[in-house]
Amino acid sequence: MNFLAHIYLSGPERDIQLGNFIGDFVKGNQLTEFPTPIQVGIMLHRHIDTYTDTHEVVRESKLKLREDFGHYAPVIVDVFYDHFLAKDWQKHHSQDLKAFTEDFYKLAKSRGADLPPRASKMLTYMSADNWLYNYQFVEGIKWTLTGMSRRTSFNSHMELAHKALEAHYAAFEKEFNIFFPDLIHSSNQFLDELKNRFSL
């Protein structure tokens with residue numbers, strides 16, 4: 001899953017949200033450098049990634065993209081799934097999406113000392129163009145994937161992936177709607193276990 005889902009799946013605890021947000025930028029045992037609640041967020045991030053990567057329905061989504069986008073297919077599926085979360089946000093959260101995203105940007109900016117440099121740099125662009133809010137629009141997905149394509153070492157063609165979303169829109173949406181409740185259940189269960197372990 002991409003950034004919006006990671007933040008959403010963290011629940012209301014701000015440190016856990018922050019840890020989940022920076023999860024991709026913290027390698028191995030580097031997580032021990034952070035306060036315990038942020039460590040919990042990082043561990044939850046890793047659980048979400050592992051669960052998503054091994055889920056049978058997600059594999060079906062990846063297969064539609066594998067021929068054209070190769071090993072970038074999982075990254076693209078993550079972004080597509082955030083699109084469907086954002087598009088139907090009111091089904092998942094009581095807070096308006098714009099308010100939710102703005103609250104998170106405010107949190108992350110106020111905690112700059114806890115952000116790895118690469119996460120801090122990305123936050124600047126993310127908040128300026130409100131990526132999280134604009135995921136709900138296909139045009140926003142196009143912008144996101146085009147930006148990601150510019151940062152890849154190889155010619156990923158991710159700037160064209162929005163066309164695959166449009167071509168298989170109903171199928172991707174169905175797969176997301178099957179998968180996401182499973183992910184919510186698994187994430188909640190794992191987060192409860194971590195909170196018990198660390199007495200949070």
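If you read the sequence from its start, that first residue is 1, and numbering goes on from there. Here the structure is a predicted model, which means the values were calculated and not measured.
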So Asn2 and His83, side-chain hydrogen bond (donor to acceptor under 3.5 Å, both in side chains) or not? Walk me through it.
CA-CA 9 Å; Asn2 209 48; His83 164 69; over 6 Å; no
Which is it for Gln90 and Leu97 under the side chain to side chain contact (heavy atoms under 4.5 Å, CB included) test, yes or no, and what are the steps along the way?
CA-CA 8 Å; Gln90 69 280 0; Leu97 178 59; over 6 Å; no
One pair to check against side chain to side chain contact (heavy atoms under 4.5 Å, CB included): Met43 and Phe198. What are the steps and the verdict?
CA-CA 12 Å; Met43 287 185 275; Phe198 293 103; 3.5 Å; yes
Take Val58 and Tyr81 through the test side chain to side chain contact (heavy atoms under 4.5 Å, CB included) and record every step on the way to the result.
CA-CA 10 Å; Val58 180; Tyr81 280 11; 3.9 Å; yes
Please report the C-alpha distance between His45 and Asp49 in whole Å, then the side-chain angles of each, then the deciding distance to 0.1 Å, and finally whether the side-chain hydrogen bond (donor to acceptor under 3.5 Å, both in side chains) criterion is met.
CA-CA 6 Å; His45 181 107; Asp49 282 355; 3.1 Å; yes
Phe190/Leu44 under side chain to side chain contact (heavy atoms under 4.5 Å, CB included): CA gap, chis, key distance, verdict:
CA-CA 7 Å; Phe190 185 75; Leu44 177 60; 4.0 Å; yes
Show your working on salt bridge (Lys or Arg N to Asp or Glu O under 4.0 Å) between Glu166 and Lys163 and close with a plain yes or no.
CA-CA 5 Å; Glu166 292 172 326; Lys163 295 181 179 179; over 6 Å; no
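The two residues Ala164 and Leu65 come nearest to each other via the heavy atoms CB-CD2, 3.6 Å. Closest heavy-atom contact between Leu115 and Ala108: CD1-O, 3.6 Å. In this structure, Asp53 and Arg59 approach most closely via the heavy-atom pair O-NE, 4.3 Å. Closest heavy-atom contact between Thr32 and Asn29: OG1-O, 2.8 Å. Across Ile42 and Gly19, no two heavy atoms sit closer than the pair CG1-O, 3.4 Å. Nearest heavy atom pair, residue Leu31 against residue Val26, reads N-CG1, 3.6 Å.
Among residues two or more places apart in sequence or in another chain, the salt bridge (Lys or Arg N to Asp or Glu O under 4.0 Å) test is passed with Lys106 by none. Looking at residues two or more places apart in sequence or on another chain, you find no side chain to side chain donor-acceptor pair (under 3.5 Å) involving Asp82. Every residue meeting the side-chain contact (heavy atoms from CB on, under 4.5 Å) condition with Phe137, not counting sequence neighbours, appears here in chain and number order: Tyr133, Asn134.
Between the side chain of Thr54 and the backbone N or O of Tyr51 there is at least one donor-acceptor pair closer than 3.5 Å. Listed for the Asp96 side chain is a donor-acceptor partner under 3.5 Å among the backbone atoms of Lys98. With hydrogens and angles ignored, the 3.5 Å screen pairs no side-chain donor or acceptor of Gln189 with any backbone N or O of Ser186. Formation of a donor-acceptor pair under 3.5 Å by the Thr124 side chain with backbone atoms of Ser120 is found in this model. The backbone N or O of Leu107 lies less than 3.5 Å from a partner atom in the side chain of Ser110, making a donor-acceptor pair. Between the side chain of Gln39 and the backbone N or O of Phe34 there is at least one donor-acceptor pair closer than 3.5 Å.
One finds the CG atom of Leu18 at 6.0 Å from the CG atom of Asp114 (value rounded to the nearest 0.5 Å). The distance from atom CG of Asp182 to atom CZ of Phe179, rounded to the nearest 0.5 Å, is 7.5 Å. In this structure, Thr36 OG1 and Lys195 NZ are separated by 14.0 Å, a value rounded to the nearest 0.5 Å. The line from CD1 of Ile38 to CD1 of Ile22 is 6.0 Å long, rounded to the nearest 0.5 Å. Atom CD1 of Ile16 sits about 13.5 Å away from atom CD1 of Ile7, to the nearest 0.5 Å. Taking OH of Tyr8 as the reference point, atom OG1 of Thr101 lies at 15.5 Å (rounded to 0.5 Å).
Shown here is Arg118, whose CZ atom has no more than 12 heavy atoms of other residues, nucleotides or ligands within 6.0 Å. Residue-environment remark: NZ (Lys62) exceeds the threshold of 12 foreign heavy atoms within 6.0 Å. Environment of CD in Glu139: crowded, with over 12 heavy atoms of neighbouring residues, nucleotides or ligands closer than 6.0 Å. In Lys64, the NZ atom is crowded: over 12 heavy atoms of neighbouring residues, nucleotides or ligands sit closer than 6.0 Å. The neighbour count for His93 NE2, taken as heavy atoms of other residues, nucleotides or ligands under 6.0 Å away, is above 12.
In this structure, a donor-acceptor pair under 3.5 Å is present between the side chains of Ser149 and Glu159.
A centroid separation of less than 6.0 Å is found between the aromatic rings of Phe104 and Phe21. If you look at Tyr72 and His157, their ring centroids are not closer than 6.0 Å.
The pair Arg111-Asp15 meets the salt-bridge criterion, with a side-chain N (NZ, NE, NH1 or NH2) lying under 4.0 Å from an Asp/Glu carboxylate O. Between Lys174 and Glu60 no salt bridge is recorded (no basic side-chain N to carboxylate O distance below 4.0 Å).
Looking only at side-chain heavy atoms (C-beta outward), Phe176 and Leu85 come within less than 4.5 Å of each other. The shortest distance between side-chain heavy atoms of Phe172 and Leu165 falls below 4.5 Å. Under the 4.5 Å side-chain criterion, counting only non-hydrogen atoms from C-beta, Tyr105 is in contact with Leu132. The side-chain heavy atoms of Ile76 and Phe80, taken from C-beta on, include a pair separated by under 4.5 Å. Contact of the Asn188 side chain with the Leu9 side chain is not registered, since no non-hydrogen atoms from C-beta on lie closer than 4.5 Å. With contacts defined as side-chain heavy-atom distances shorter than 4.5 Å, the pair Leu194/Leu200 does not qualify. Within the 4.5 Å cutoff, the side chain of Met122 has no heavy atoms near those of the Ser127 side chain. Side-chain contact check for Ile48 versus Asn20: some heavy-atom pair is nearer than 4.5 Å.
Under the 4.5 Å side-chain heavy-atom criterion for grouping Ile, Leu, Val, Met, Phe, Trp and Tyr, Ile141 is not connected to Leu160 through any hydrophobic cluster. Met148 and Tyr125 fall within the same hydrophobic cluster, where Ile, Leu, Val, Met, Phe, Trp and Tyr residues are linked whenever their side-chain heavy atoms come under 4.5 Å apart, directly or through other members. Residues Trp143 and Met158 do not share a hydrophobic cluster, defined by chaining ILVMFWY side chains whose heavy atoms lie under 4.5 Å apart.
When the options Tyr135, Tyr169, Trp89 are evaluated for a ring-ring contact (aromatic ring centres under 6.0 Å, His included) with Phe84, the one that passes is Tyr169.
Between Phe3 and Phe25, the angle of the ring planes stays under 30°, which puts this pair in the parallel group of the 30/60° scheme.
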